[in-house]
Amino acid sequence: MPATREERYDAQRIEQKWAERWLSDPSLYAAEANSTKPKYYVLEMLPYPSGALHMGHVRNYAIGDALARYMWMNGYNVLHPMGWDSFGLPAENAAIKNNTPPREWTLSNIAAMKVQMKRLGFAYDWSREVTTCLPEYYRWNQWFFLKLFESGLAYRKKSKVNWCPQCATVLANEQVVGGNCWRHEDTPVEQRELEQWFLRITKYADELLRDLEKLTGWPDKVRIMQQNWIGRSEGAQVDFDLGGTVGPAGSTITVFTTRVDTIYGATSVQLAPQHPIVEDMIARDAELRAKVEQLIAEQRKAREVGDIGNIEKHGVFTGRFAKNPYNGEAVPVWVANYILMDYGTGAIMSVPAHDERDFEFAKKYNLEIRLVILPQSSDPEETMAEPALPFTTMNGILVNSGEFSGLECEEAIQTMSSHAAEKGFGKATVTFRLKDWGISRQRYWGTPIPMVYCEKDGVVPVAEKDLPVILPDKVSVTLAGGSPLANVPEFLNTTCPKCGGPARRETDTMDTFVDSSWYFYRYADAQNSKAPFDTNTIAYWFPIDQYIGGVEHAILHLIYSRFWTKFMRDMGLVKHDEPVKRLFTQGMVIKDGAKMSKNLGNVVSPDEMVARYGADAARLYSLFAAPPDRDLDWQDTGIEGIHRFLGRVYRFYVRNPVDTAVERAETGQTPSLQAEARTIQRKLHQTIKRVSDDFQGRWHFNTCIAALMELLNEVSGAEEAIAAGRVPGSLILDVQRKIALLLAPMAPYVAHELWEMTGETGNLLKAAWPKYDPALAAEDEIEIPVQVNGKLRGRVVVPADATNDQVEQAALADEKVKAAIAGKQIVKKVVVPKKLVNIVVR
RNA sequence: GCCCGGAUGGCGAAACUGGCAGACGCACGGGACUUAAAAUCCCGGGUCCCUAACAGGACGUGACGGUUCGAUUCCGUCUCCGGGCACCA
């Protein structure tokens with residue numbers, strides 16, 4: 001049947017109409033205060049306001065919005081907010097390029113993106129909008145900083161830090177990816193010695209690791225990544241005595257090892273080139289200094305290439321010996337380029353027989369290789385064979401190890417650590433890979449760190465009552481290096497909060513990950529001017545029931561946020577240990593097999609998609625094209641298909657208008673439906689079940705949209721029966737209303753239009769999610785495949801409640817099955833209820 | 001090197017607990033409607049063999065092997081792709 005003009009699905013007209021209605025009612029998506037409903041907090045990661053949404057955002061928010069709307073329809077008090085991660089370097093780059101002040105640039109980007117979000121129909125409670133670059137927000141960053149400082153969790157330290165020459169600022173360890181800057185993938189990070197502010201995240205290292213077990217609603221992948229990042233390692237520290245002081249660093253080398261059981265096999269001590277004792281040694285040995293500097297250079301180079309793992313091992317003997325406290329043996333002390341100063345103690349004992357790296361090094365420099373562990377045989381009587389070296393597993397017995405010989409590795413580690421502690425030359429200890437979080441940035445567009453430097457009183461915190469320390473507007477931004485704020489006298493010069501004398505302000509600003517570490521708390525109490533938020537309000541909304549975002553924040557943002565929550569708990573501000581109950585990481589949106597990028601010219605613009613196919617189609621397609629946790633390969637023809645589907649849905653309503661009077665007329669009757677009508681009714685209830693199950697469980701929106709397509713195919717295939725009056729109007733109306741309801745979370749605009757076409761009014765958020773009737777969803781008859789020797793040979797149709805015997809009889813009676821088993825002996829008959837029959841013959 | 005994930009038609013994918021592989025959609029081919037086009041509607045389809053056609057048969061979920069009446073699904077070995085960590089002592 002050809003489509004008429006009135007039947008045309010005009011997405012623009014429909015979406016304009018509903019957008020006007022929705023936008024005129026700001027309370028529509030507002031979370032309720034003092035609600036008796038159960039609460040549900042659904043959160044999507046807030047965007048950086050770059051100026052335009054990309055398809056990745058659309059996908060992220062389409063998932064979150066579908067969930068939020070579904071929960072609303074299921075009677076929850078939903079909190080669904082949005083905000084802007086709006087500090088950061090791009091605003092400064094834009095300022096330099098276009099001569100626009102960062103503030104202006106950022107705020108106009110926010111305005112533009114908000115228009116896009118509203119056009120896409122996302123149901124956000126804008127009264128709770130958080131914009132991190134505004135003083136109303138960042139004053140609380142400063143307030144938290146003061147609290148951290150009071151608690152000793154914020155401290156200042158001079159150290160080697162990661163420096164990105166492109167950003168002209170320092171980076172945290174988490175922001176260095178493979179030796180390069182996380183924002184500039186081709187820019188190697190340099191090491192600079194700077195005085196910096198750090199947050200003591202390591203205080204919570206153990207808890208951050210332990211509580212990962214509680215996060216059962218998080219993807220394993222993310223938990224494992226965090227576990228690796230924290231890098232807890234149990235071992236022992238042991239002191240090796242140099243037999244005399246070299247310099248200020250003393251005469252003891254403390255090594256860290258996870259295999260103290262192998263210490264009788266230690267044949268040298270290896271120091272990191274930057275080790276303080278090495279510095280003492282080279283202070284009066286020019287020759288050694290040259291060699292050590294060479295090792296440092298090699299290390300730096302390898303690090304810059306991101307290849308520290310494959311560095312060619314080099315070392316130099318220092319000419320000195322250190323005493324192994326277990327056996328009193330003096331072993332040579334070396335400096336080696338594969339020893340890292342920033343892990344453990346920067347010194348190791350080298351046991352070539354039982355460590356790959358030590359083995360390789362010993363071979364190269366002809367150091368002694370001494371076997372002290374023999375593999376443990378499963379048969380104790382069996383003589384133990386000499387293993388291939390290096391033998392690194394823990395499945396062994398100690399030999400040549402004095403009083404500890406004969407112990408198994410595991411128990412030897414315990415015994416020998418205790419022994420060291422008793423004798424006072426060592427102890428069992430735990431080392432973490434996680435380092436404290438360096439938050440100073442030598443940039444302008446960030447939260448000013450609220451500290452003051454006074455000649456007399458030193459480092460003094462700004463008084464709480466003087467917050468916020470306002471970021472000045474008139475700043476000339478350059479990437480010359482050094483904080484731009486240092487060139488603003490009005491900002492720089494201040495008075496000491498303690499003595500009132502002249503002082504200067506800290507000119508570094510905070511890492512923007514501080515902003516995102518707690519923004520989701522502010523949503524719950526966004527207008528609070530007395531505190532970052534009210535503790536009781538938080539207790540109601542937290543933890544976040546569902547957080548949705550990209551996996552790229554698995555370590556950075558998500559570990560900082562967990563740390564922030566634990567700190568706030570310890571200061572009594574929140575009552576829970578973890579901020580996020582369930583985490584979902586959606587896949588990337590790619591095109592032609594590659595990440596969308598301007599360079600490749602494969603960027604799909606959401607605006608263009610909305611203009612051409614409508615917001616509903618753009619949203620629905622991003623849910624349909626792939627399960628949400630997988631990457632989505634964008635295909636322009638795919639969204640066309642979805643647009644076509646919405647058109648077919650729309651036409652079904654236009655072509656089959658049901659007078660609502662019909663409903664009333666038919667109520668009270670129990671119509672015995674004819675076969676065609678019954679098929680439609682069954683499909684309807686099956687579809688409600690499938691869509692509901694997908695929302696509850698796996699979030700495979702692609703399959704629930706497929707289910708809706710199947711339902712539509714069913715009813716539009718029955719147009720003849722409908723026209724002939726063989727399908728009751730009440731059933732058609734039921735189908736039409738339920739399709740509108742099922743579509744509402746994913747394609748809200750057209751869902752509302754369809755809802756209205758069935759004579760309903762009111763927002764679908766307030767309509768109840770449909771329920772299915774299992775009896776109506778059930779099949780009367782089912783088709784059972786019949787296999788012979790595991791191969792499909794026939795199909796039989798039996799009543800759904802047929803017994804196994806009946807099914808078996810039907811199967812054996814089937815002509816094709818008969819032919820397949822003719823002349824053969826039946827060995828076994830397998831009948832799986834409602835599934836299949838398999839007849840095994842010989 | 002270690003740890004996670006993935007591999008199914010021309011393409012995106014489905015098969016949720018071991019039970020008909022390929023739902024749904026895209027692209028494609030054929031047809032209807034139309035003066036024509038667009039839009040819309042209907043039909044077809046994994047590969048190969050056989051057949052005039054109907055029908056029939058064999059093979060098929062990255063590879064090889066195993067368990068099972070039966071394997072995309074479980075086990076073992078391997079290949080390729082993506083991600084994380086990496087002389088972390």
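In the text below, chain A, chain B and the rest are named by the order of the sequence lines, each starting its count at 1. Any value given below was found using the heavy atoms of this structure, including those in side chains, with hydrogens, waters and symmetry copies removed.
If you check every strand for non-hydrogen atoms under 4.0 Å, A:G344 touches nothing. Residue contacts shown for A:I705 are absent, as no nucleic acid heavy atom lies under 4.0 Å away. Backbone-only contact: A:R793 has heavy atoms under 4.0 Å from sugar-phosphate atoms and none from a base. A:Q237 comes within contact range of no nucleotide atom at all, as no heavy-atom separation falls under 4.0 Å. Note on A:Q270: nothing from the nucleic acid sits closer than 4.0 angstrom, heavy atoms only. Within the nucleic acid shown, A:F645 has no heavy atom closer than 4.0 Å to any nucleic acid atom.
Taking atom P on both B:A52 and B:C41, the two are 38 Å apart, rounded to the nearest angstrom. For B:A32 and B:A38, the C1' atoms lie 16 Å apart once the distance is rounded to whole Å. Rounded to whole Å, the separation between the P atoms of B:C3 and B:A89 comes to 15 Å. Here the separation of B:G22 from B:C59, taken at their C1' atoms, is 16 Å to the nearest Å. Spacing of C1' atoms, B:A13 relative to B:A23, comes out at 10 Å, to the nearest Å. Spacing between B:G45 and B:U40 at atom P, rounded to whole Å, works out to 23 Å. Comparing the same atom, P, in B:C4 and in B:C75 gives a spacing of 13 Å after rounding to whole Å. Taking the P atoms as reference points, B:A39 lies 42 Å from B:G19, given to the whole Å.
Of the charged side-chain nitrogens involved, at least one lies within less than 4.0 Å of a carboxylate oxygen, so that A:D10 and A:R8 count as a salt-bridged pair. Using a 4.0 Å cut-off between charged nitrogen and carboxylate oxygen, A:R690 and A:D694 do not count as a salt-bridge pair. Look at A:R232 and A:D206 and you find a salt bridge, because one of the NZ, NE, NH1 or NH2 atoms lies within 4.0 Å of a carboxylate O, short of that distance. In summary, A:D616 and A:R619 do not engage in a salt bridge, as defined by a charged side-chain N under 4.0 Å from a carboxylate O. The pair A:E360-A:K363 fails the salt-bridge criterion, with no side-chain N (NZ, NE, NH1 or NH2) lying under 4.0 Å from an Asp/Glu carboxylate O. The existence of a salt bridge linking A:K364 and A:E312 is confirmed by a sub-4.0 Å separation between a basic side-chain nitrogen and an acidic carboxylate oxygen. Electrostatic pairing of A:E640 and A:R612 does not count as a salt bridge here, judged by no charged N lying under 4.0 Å from a carboxylate O.
Set against B:A89, B:C24, B:A15, the side chain of A:R698 has B:A15 as its closest nucleotide. With B:C20, B:C26, B:A89 as the choices, the nucleotide that has an atom nearest any side-chain atom of A:T637 turns out to be B:C26. For A:R630, the side-chain atoms get nearest to B:A14 when compared with the rest of B:C20, B:A14, B:C26. When each of B:C41, B:A13, B:C4 is scored by its nearest atom to the side-chain atoms of A:A626, the top-ranked nucleotide is B:A13. The A:T703 side chain lies nearest to B:A15 when the options are B:C24, B:A15, B:C69. Side-chain proximity of A:K791 to the nucleotides B:C85, B:C59, B:C24 is greatest for B:C59. Side-chain proximity of A:Y343 to the nucleotides B:C88, B:A58, B:U40 is greatest for B:C88. You'll find that the side chain of A:Q787 is closest to B:A21, out of B:A21, B:C41, B:C3.
Without hydrogens or angle criteria, A:D436 side chain to A:I201 main chain gives a donor-acceptor distance under 3.5 Å. A donor-acceptor distance shorter than 3.5 angstrom exists from the side chain of A:R59 to the backbone of A:G587, with no hydrogens or angles considered.
The distance from atom OH of A:Y621 to atom C1' of B:G12 is 6 Å, rounded to the nearest whole Å. The interatomic distance linking A:L632 (CG) with B:C26 (C1') rounds to 13 Å, in whole Å. Between the CD1 atom of A:I555 and the C1' atom of B:G84 there is a distance of 7 Å, rounded to whole Å. Taking atom CG of residue A:L712 and atom C1' of nucleotide B:G25, one finds them 13 Å apart after rounding to whole Å. Residue A:E640 contributes atom CD, which lies 12 Å from atom C1' of B:A39 at whole-angstrom precision. Rounded to whole Å, the distance from CH2 on A:W634 to P on B:A13 is 14 Å. A:R648 places its CZ atom 10 Å from the C1' atom of B:G25, with the value rounded to the nearest Å. Going from atom NZ of A:K221 over to atom C1' of B:C85 covers 12 Å, rounded to whole Å.
Checking A:N713 against A:N702, the closest nucleotide of RNA chain B that is more toward the 5' end is the one next to A:N702. Each of A:P627 and A:K816 was assigned the nucleotide of RNA chain B with the nearest heavy atom; the assignment lying further toward the 5' end belongs to A:P627.
In this model, the phosphate group of B:C41 is approached by a side-chain N or O of A:R651 to a distance below 4.0 Å at OP1 or OP2. One finds no side-chain N or O of A:R644 lying less than 4.0 angstrom from the OP1 or OP2 phosphate oxygen of B:C41. Proximity of A:S233 to the phosphate of B:A89: a side-chain N or O atom is located under 4.0 Å from OP1 or OP2.
Residue pairs meeting the side-chain hydrogen bond (donor to acceptor under 3.5 Å, both in side chains) criterion with at least one member in residues 826-842 of chain A, sequence neighbours excluded, are A:E808-A:K829.
Annotation: ring pair (Phe, Tyr, Trp, His ring centres under 6.0 Å) contacts of A:H643 (sequence neighbours excluded): A:Y9, A:Y613.
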Donor-acceptor pairs under 3.5 Å, side chain of residues 630-639 of chain A to any protein atom, not counting sequence neighbours: which ones?
{"unit_1": "A:D631", "atom_1": "OD1", "unit_2": "A:M588", "atom_2": "N", "d": "2.8"}
{"unit_1": "A:D633", "atom_1": "OD1", "unit_2": "A:D592", "atom_2": "N", "d": "3.2"}
{"unit_1": "A:W634", "atom_1": "NE1", "unit_2": "A:D636", "atom_2": "OD1", "d": "3.1"}

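Glycosidic conformation of B:G45: anti, with the torsion beyond 90° of 0.
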| remark: Per-residue pairing states of RNA chain B in dot-bracket (Watson-Crick or G-U under 3.5 Å; . unpaired, | other strand) read (((((((..(((......[....))).(((((.......))))).((((......))))..(((((..]....))))))))))))....

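Classification of the A:H557-A:H553 ring pair by plane angle, with boundaries at 30° and 60°, yields perpendicular.
Between A:P390 and A:D358 the shortest side-chain heavy-atom distance does not fall below 4.5 Å.
Residues from residues 834-842 of chain A lying near RNA chain B, meaning a heavy-atom separation below 4.0 Å, are A:K835, A:L836, A:N838, A:V840 in numerical order. Listed in residue order, the members of residues 821-828 of chain A having a heavy atom less than 4.0 Å from RNA chain B are A:K828.
Within a 6.0 Å radius of CD in A:Q12, more than 12 heavy atoms belonging to other residues, nucleotides or ligands are found.
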